[in-house]
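Data first, discussion second: the structure below is written as structure tokens.
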Amino acid sequence: MGSTKGPIVARPLLNVLAGQLGRPHGVLGRLFIGNLLNAHNGGTITAAVTALAPQTGDIAADVGFGGGAGLRPLLNRVGPNGRVEGIDISQAMLHRADARFRHDRDRLRLQTGSLTGLPLGDASIDGMLCINTIYFVADLGKAFDEIARVLAPSGRLVLGMADPDWMAKNPVTAFGEFRIRPLATITDGLAAAGLQVANDIRPGDGGDAFHLLVARQKSS
Ligand SMILES: C[S@@+](CC[C@H](N)C(=O)[O-])C[C@H]1O[C@@H](n2cnc3c(N)ncnc32)[C@H](O)[C@@H]1O
């Protein structure tokens, strides 16, 4: 997006930040962005795991795990007989998580990959988190078809996204690859892929609070 929002001196910084948020990379990505994401989004991610409610023995996934704040609570929920799949398009986030979760390799598989081509088998996932990641995906239909493909018939998705009105006010979203979409575009897209939104949980205050869309396969 090429908007010129924001004070002129802040634009280069906002541009760098937006690029890092969409795909953390380099030294900045590894040393700073992962921590920033965890500090800023940790509370929302905790609420998302609660909404997903993975069960002992489940196979859960976090797509676009970023700093990895969702991985530990998912591992705790699925327990010793479960497994967690962590997928992110960013090599920097993968390397960072690989080091931090080196003692969990028996139950945590980390892979680089995209929401539009998930390295996961059909109907293999009981519960998927995807938080603050959909903004960076151009082909929504392909992403939602992929989610529907990998979710088990009784599988659940928690898709977390900032409110579009809040995003439009945030200067960083005018830079990088952010796509601000109306909520209905998201829910209609999910429905077209066969995913029914059962609930829109709003952690936070006010009309522009975050959205945690809880969805299931329509046939289940
Ligand atoms: C803003 S961060 C959010 C990270 C974390 N979920 C959170 O809420 O703190 C977006 C993450 O999604 C990843 N990402 C962007 N596009 C992606 C795609 N198409 N498939 C998978 N991951 C993607 C980025 O590399 C980044 O780690």
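Just so you know, ligand 1 is whichever comes first in the structure, and atom 1 is the first atom listed for that ligand. Quick note: residue numbers are just sequence positions, from 1.
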Exercise. Going by heavy atoms in the side chains, are L115 and F136 under 4.5 Å from each other?
Worked result: no
Exercise. Is the closest N or O pair between T133 and ligand 1 shorter than 3.5 Å?
Worked result: yes
For this session: Tell me, please: is L21 in heavy-atom contact with ligand 1, that is, under 4.0 Å?
Result: yes
For this session: Could you list who else is in I89's hydrophobic cluster, with ILVMFWY side chains joined at under 4.5 Å, directly or through other members?
Result: none
Problem set entry | Reported CZ-to-CE distance for the pair R30 and M93, which is rounded to 0.5 angstrom | 9.0 Å
For this session: Give a yes/no verdict on whether any heavy atom in P24 is under 4.0 Å from an atom of ligand 1.
Result: yes
Seminar exercise, completed: Of G67, A162, G64, the residue with the heavy atom nearest atom 6 (N) of ligand 1 is G64
Exercise. When only distance counts, is N38 in polar contact with ligand 1, meaning an N/O pair under 3.5 Å?
Worked result: no
Exercise. About how many Å separate CG of D104 and CG of D98, when rounded to the nearest 0.5 Å?
Worked result: 11.0 Å
Exercise. Between R23 and ligand 1, is there a nitrogen or oxygen pair with a distance under 3.5 Å?
Worked result: no
Exercise. Does a salt bridge link D58 with R156, judged by any charged N lying under 4.0 Å from a carboxylate O?
Worked result: yes
Exercise. Got an N/O contact under 3.5 Å between D88 and ligand 1?
Worked result: yes
Seminar exercise, completed: atom 8 (O) of ligand 1 has as its nearest protein heavy atom N132 ND2, 3.0 Å
Exercise. Should we say atom CG of D106 is surrounded by more than 12 heavy atoms from elsewhere, each under 6.0 Å from it?
Worked result: yes
Output side-chain donor-acceptor pairs under 3.5 Å for residues 17-28, partner residues at least two apart or in another chain, one line each.
unit_1 : atom_1 : unit_2 : atom_2 : d
Q20    : OE1    : H25    : N      : 3.0
Q20    : NE2    : H25    : O      : 3.1
Q20    : NE2    : H25    : NE2    : 3.4
H25    : ND1    : R23    : O      : 2.6

For this session: Looking only at distances, please establish whether an N/O atom of ligand 1 is found under 3.5 Å from an N/O atom of I131.
Result: yes
Seminar exercise, completed: Out of G113, C130, A18, the nearest non-hydrogen contact to atom 21 (C) of ligand 1 is supplied by G113
Exercise. Going through the checks in order, is the side chain to side chain contact (heavy atoms under 4.5 Å, CB included) test met by K169 and D208?
Worked result: CA-CA 10 Å; K169 285 183 244 161; D208 58 3; 3.0 Å; yes
For this session: Please determine if L115 has a nitrogen or oxygen closer than 3.5 Å to a nitrogen or oxygen of ligand 1.
Result: yes
